[in-house]
Amino acid sequence: MNYWNESVDTFLEALKSAKLWRAYVVTRPETGAVEASHPVMQSIADAIAGDTRDYHRHEGCFFEIGRESDHVLSAHVHWTMRGQAAGGVRFWSYNTVEDFVRDGLRLSRGMGQKNALAGLWWGGGKGVVARRKDRDHRDPKLRRAIYQDYGRFMTGLCGCYITAEDAGTTPEDMALVFSTTRHTTCIPQRFGGSGNPSILTATGVVVAMEAALQHLGKGTLEGKTVVMQGLGNVSLYMVKELQERRVGKIIGAEINEAMLNRVLETYPDAPVDARLVAPDDISIFGEKGDVFAPNAVGAILNPTTIPMIQTSIVCGAANNQLEDPTRDADALHERGVLYVPDFLANRMGIVNCANEQYGSLGNDPAIFAHLDRETPTGIYKRSLEVFNRAKQKGRTPADEAGVLADELSQELHPIWGNRGQQIIDYLVESGWAKGEPVT
Ligand code: NAD
């Protein structure tokens, strides 16, 4: 049976009927063949192998049924030449196995690109847990079961992927993951973790805006107008950063009244002109200004919104802003809009937590180097490098950032080499997927 277009719940039942609780699809490094762990996985392996958009010779996609939670847990590993795969675990709703797996493929590659451009010695990884329609995903008992299961899943994967926080997952969920595995980051500060990344993410995006203005010869942010979609955690701190840089005006749209009021009450002197909108209201894209910052959700740059944009720069925090990476990057370029790829601008979330195990210090130079004007791998210099290379080669910045990231992703970790792939080979050869059946 072909499970690609079936629901994740149907896939879960198929694994159980086959008496499986673990399964994988891996790319064999020697031949490039895409291999399924079991016949029940063959349709998924075939779909992945035949895909040219989201599959980029990923090293592996791993699945496990949580023994306490009865949810499908997954971990997607793009490349691990720079180090073990690193990226957050998303807890989200998916209609089909295709949507579920594609999100893992796309996001793990995006993390690899983000880590490589940031000069981090980490590969690309992403976890995805599919919500079940018949369960209340806010129920604390269920969350405890899911995230402790996720930790056990990480332990079983022997560190080829190191997880972190992502959409739908909270710091307290990460504490539960940490209770069953060491292969996680983004744990709460009380356990030696790195805490809220939003402040640094906001600063990083503002530094990327400054690089974009510099590239266009438009000076600094002083007196400029910044238009923001979403006034959540990153935007809150971005308002402070922008106020410190004496922006002229911030125009914002938000769907949640409490979030909107929090910004206005926290920074009453900031030049914010904010309005409450309905979720389908896209009028913010038509606001005149200098920089448009998508700080809400992904896939919002598309054939409907791009023609509306009235700024010469788009630079924001949201992940995967382009609905179609090539089509929409081309459309922005044709309109003369400088698009700062999200994975270049919003790296500070992963920078903040990826190296937690190396300890922490105040004003940590390993973190703040990403925000200065001199460090070659910092956001400012790296952005200018991408814009200049793109101009020279006649590519869009999004394309050029991808090309550069893929080049950098192939550099070998200076101490551990391609250990992630070695771990995957070991999992395959030692029969990881044959574990005891679900009873
Ligand atoms: P958040 O959830 O705190 O803020 C997003 C805000 O956007 C919310 O207040 C929400 O109500 C609002 N929103 C949603 N849809 C909207 C719409 N259609 N119009 C207007 N407002 C809308 O999230 P955040 O932590 O501020 O992150 C913002 C974005 O940046 C997210 O996409 C996130 O994945 C990404 N990101 C965040 C970090 C981080 O460190 N927090 C790091 C990397 C990427």
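Basis for what follows: all heavy atoms, side chains included, without hydrogens, waters or symmetry-related copies. Numbering of residues begins at 1 and proceeds along the displayed sequence. Counting starts at 1 for both ligands and their atoms, following the listed order. Note that this is a predicted model, so its numbers are computed, not measured.
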>> Run the side chain to side chain contact (heavy atoms under 4.5 Å, CB included) test against A49 and tell me which residues pass, sequence neighbours left out.
In response: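 V34.
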
> Looking at residues at least two apart in the chain, or sitting in another chain, which of them share a side chain to side chain contact (heavy atoms under 4.5 Å, CB included) with R389?
Replying inline: E385, K393, E400, V403, L404, E407

> Quick one: are the ring centres of Y150 and Y147 less than 6.0 Å apart?
Replying inline: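 Not under 6.0 Å, so no.
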
> Near ligand 1, which residues have a heavy atom under 4.0 Å away from one of its atoms?
Replying inline: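 Heavy-atom contacts below 4.0 Å: P197, S198, T201, Q229, G230, G232, N233, V234, A253, E254, I255, N256, M259, P279, N295, A296, A317, A318, N319, N346.
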
>> If we check ring-ring contact (aromatic ring centres under 6.0 Å, His included) with F100, which of these qualifies: F91, W92, Y94?
In response: Y94

> Can you name the residues that form a ring-ring contact (aromatic ring centres under 6.0 Å, His included) with F368, not counting sequence neighbours?
Replying inline: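 With neighbours one apart ignored, the set is empty.
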
> Under 4.0 Å between a Lys/Arg side-chain N and an Asp/Glu carboxylate O for D99 and R106?
Replying inline: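 Between R106 and D99 there is no salt bridge, as every charged N stays at least 4.0 Å from the carboxylate O atoms.
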
